[in-house]
Amino acid sequence: MAKEKIVEIIERAVMKAKAYSDLKIETVPEITLERPREKAHGDWASNIALVLAGQAKLPPKQVADIIIKYLDDKQHFLEKVEVPPAGFINFYLSKDWLYSGLKEIEQKGTKFGHSSAIKENVLIEFVSANPVGPMHIGHGRWAVVGDVLARVMEAAGYLVTREFYINDFGLQMQIFGKSVAARYSQLLGKDVSFPEDGYQGEYVKDIAREIIKDESDKYLSMSSSERADIFRETAYVEVLDYIKEILSKIEVFFDSWFSESVLHKNGDIEETINFLSEKGYVYHKEGAVWLKTSDFGDDKDRVLVRGNGELTYFAADIAYHRNKLERGFRKLINIWGADHHGYVKRVKAAIKLLGYDKGSLEIIIGQLVNLLRSGEPVRMSKRTGEMVTLDELVDEVGKDAVRFLFLMRNTDSSLDFDIELAKTRTNENPVYYVKYAHARICSIINFAKGQGVPLLTTDRVKLDLLADESELDLIRKMLELEEVVERAASERTPHILTKYALDLATAFHSFYTRCRVVGEDKDLSLSRMVLVNSARVVLANTLSLLGVEAPF
RNA sequence: GCGCUCGUAGCUCAGCUGGAUAGAGCAACGGAUUUCUAAUCCGUUGGUCGGGGGUUCGAAUCCCUCCGGGCGCGCCA
């Protein structure tokens with residue numbers, strides 16, 4: 001990438017200036033380059049002169065002027081270098097450098113934008129919806145965020161495992177089993193009461209109907225608790241299958257499904273408690289067993305074993321995280337709904353009590369989605385069961401719109417999702433704006449081929465004919481992909497990819513209105529074919545990372 | 001009450017771990033296009049970055065405080 005090369009050039013220049021005592025400085029700080037906000041400030045800018053001004057006892061502008069005297073651009077990356085009064089050093093990439101980018105795109109193809117660097121192995125745990133009912137829209141957002149984060153991190157060189165933690169143990173499951181059992185009896189004409197805190201949704205009846213269809217009334221003779229136990233298992237498998245089905249509809253797949261009840265069966269939780277106990281972090285109080293999480297940043301200590309002898313969810317969660325770390329993952333990333341953010345401190349404290357580094361667990365808090373229809377809020381009530389499920393949303397607006405629009409905002413801020421907007425096929429809808437750019441490129445390439453303008457390799461066309469500002473801007477934008485992927489991965493911000501896709505589409509559309517691919521000048525047409533095809537490749541790669549189809 | 005989080009243009013939001021005159025999109029207004037898909041492009045208007053204080057060469061960004069919104073504060077999961 002151009003960035004590293006420029007950093008190198010600056011570094012050498014500063015060292016030389018120091019060696020020749022032109023700059024009287026002690027140490028050479030790390031050189032950082034940034035993308036100037038203003039296009040007029042070049043492709044890259046360095047604030048090194050501002051940083052060194054204090055040390056050198058000279059105004060920034062003078063320091064910058066000294067440094068650029070020593071810049072040695074042997075390979076001709078740079079068109080020019082400028083120092084504005086503020087003392088920044090602005091670098092303008094040469095056209096040749098941009099053209100060589102087109103060659104790189106040709107060579108790397110679908111791998112352009114990906115990095116070959118090998119980084120640490122990470123486990124991303126996300127969605128982890130309780131298997132007791134349909135997924136809501138928020139689950140969908142967190143699913144997409146986790147999935148694209150995984151894709152982007154893979155592209156950036158991380159070894160990623162995607163895991164779904166199944167909360168198939170505990171009170172919620174019991175209630176769920178009872179709810180199904182009650183509906184089962186009711187549907188068979190028995191006058192039984194429905195559990196007070198039971199699951200109201202229509203889907204519970206559906207599951208009961210399913211059981212009746214398959215096995216009729218054979219469970220009626222059992223005691224109600226026996227029946228609830230059996231139905232808990234049947235129903236849970238059914239709901240889990242349903243969850244998997246919806247996830248596959250939005251193309252979110254997991255490498256691993258981890259069951260909470262397995263931790264209970266294996267005795268992993270007791271073992272973890274013993275482990276913590278031996279380290280002296282566990283104590284008894286008021287009939288319960290407590291963990292000293294407050295020693296490591298939690299607001300208060302937490303219960304591991306309740307007075308009635310039952311393990312808490314927290315105890316299981318510690319064992320789960322220990323298990324993850326023992327599987328050899330150096331970095332754990334959890335994506336949790338906003339309603340769990342009060343839980344963050346205690347889990348992080350537990351990680352430290354287990355003896356692992358604080359940084360080994362990162363928790364991304366996902367905010368909710370506000371559903372709108374033509375600007376009006378869609379009213380939802382959990383109590384009455386009146387809500388739009390993820391399933392229904394995907395059926396109405398389609399996978400691509402759901403995925404793209406869920407990634408339009410930072411994960412930790414809430415997001416407005418307008419159902420009608422998501423369905424429109426105009427430029428107001430960002431998804432179609434981007435997809436259209438791809439379709440238009442494909443159409444141009446087909447048209448051109450029909451007019452006798454073939455797509456040749458870069459070494460057979462005159463790239464230096466690509467000189468219009470819109471053409472160079474388009475190339476510049478294409479060459480940003482790797483940097484965007486890198487940043488999205490390292491900062492865990494997959495949503496910046498949608499912004500990039502929009503910018504790239506805009507750069508292409510600008511080019512389109514200014515320049516014709518098929519024209520009088522045959523050489524120029526051939527060069528532009530290479531250009532638009534490169535744009536197609538980069539746009540397709542971007543959409544692929546987002547999990548959105550690139551139409552022809 | 002305590003904790004987390006957010007507050008940037010009329011609306012929806014970026015702002016890359018402190019840099020240049022705070023940027024997009026939508027809306028409003030004004031233009032372009034003899035076209036390879038009008039699902040397009042270009043321009044203009046619009047800001048006390050919630051208020052106040054501090055840190056320094058330099059703050060939307062870091063710290064403190066106040067105001068306002070969201071969420072969380074169980075021997076629930």
* Structure fact -> Rounded to whole Å, CZ of A:F508 lies from P of B:C36 at a distance of 13 Å

* Sugar-phosphate only, base, or nothing, as touched by A:F88 at under 4.0 Å among non-hydrogen atoms -> base

* Asked: Between A:L502 (CG) and B:C13 (P), how many Å, whole number?
  -> 16 Å

* **Salt-bridge criterion met for A:R528 and A:E471 (N-O under 4.0 Å)** => yes

Every protein N/O within reach of nucleotides 24-34 of chain B N/O, cut-off under 3.5 Å:
none

* Structure fact -> Separation of B:C36 atom P from A:R440 atom CZ, nearest Å, is 10 Å

* Would you check, one step at a time, whether the test salt bridge (Lys or Arg N to Asp or Glu O under 4.0 Å) holds for A:R373 with A:E396? => CA-CA 12 Å; A:R373 201 178 273 280; A:E396 182 165 1; 2.9 Å; yes

Within the sub-3.5 Å range, which N or O atoms of nucleotides 70-77 of chain B have a protein N or O partner, and how far apart are they?
residue: B:C71; atom: O2'; partner: A:A338; partner atom: O; Å: 3.3
residue: B:C71; atom: O2; partner: A:H341; partner atom: NE2; Å: 3.2
residue: B:C75; atom: O2; partner: A:G307; partner atom: N; Å: 2.6
residue: B:C75; atom: N4; partner: A:E286; partner atom: O; Å: 2.5
residue: B:C76; atom: OP2; partner: A:R306; partner atom: NE; Å: 2.9
residue: B:C76; atom: OP2; partner: A:R306; partner atom: NH1; Å: 2.3
residue: B:A77; atom: OP1; partner: A:R306; partner atom: NH2; Å: 3.0
residue: B:A77; atom: OP2; partner: A:Y313; partner atom: N; Å: 3.1
residue: B:A77; atom: O3'; partner: A:F169; partner atom: O; Å: 3.3

* **Dot-bracket summary - RNA chain B, pairs being Watson-Crick or G-U whose distances fall under 3.5 Å, with | when paired to another strand** => (((((((..((((.....[...)))).(((((.......))))).....(((((..]....))))))))))))....

* Pick the C1' atom in B:G10 and in B:C29, then give their distance to the nearest Å. => 14 Å

* To do: Run the ring-centre check on A:H509 versus A:Y433 and record whether the distance is less than 6.0 Å.
  => yes

* To do: Just call it for A:R514: base, sugar-phosphate, or nothing, with non-hydrogen atoms closer than 4.0 Å on any strand.
  => nothing

* Asked: Is the closest basic N to carboxylate O distance between A:K3 and A:E34 below 4.0 Å?
  -> no

* If you measure from the Lys or Arg side-chain nitrogens to the Asp or Glu carboxylate oxygens, is any gap between A:D298 and A:R302 under 4.0 Å? -> yes

* To do: Using a strict 4.0 Å threshold on nitrogen-to-oxygen distance, state whether A:E362 and A:R492 make a salt bridge.
  => yes

* To do: For A:N90, report the nucleic acid contact type (base, sugar-phosphate, nothing); a contact means any heavy atom under 4.0 Å.
  => base

* Asked: When we call it a touch if two heavy atoms are under 4.0 Å apart, what does A:S414 touch: a base, just sugar-phosphate, or nothing?
  -> sugar-phosphate

* For A:A53, which contact category applies under a 4.0 Å heavy-atom criterion: base, sugar-phosphate, or nothing? -> nothing

* For the rings on A:F164 and A:W257, is their centre-to-centre separation under 6.0 Å? -> yes

* Between A:R476 and A:E469, is there a salt bridge with N-O shorter than 4.0 Å? -> yes

* Does the separation of the ring centres of A:Y165 and A:Y320 fall below 6.0 angstrom? -> yes

* When the ring centroid of A:F417 is compared with that of A:F406, is the distance short of 6.0 Å? -> yes

* Measure the distance from NZ on A:K345 to P on B:C2 and round it to the nearest whole Å. => 13 Å

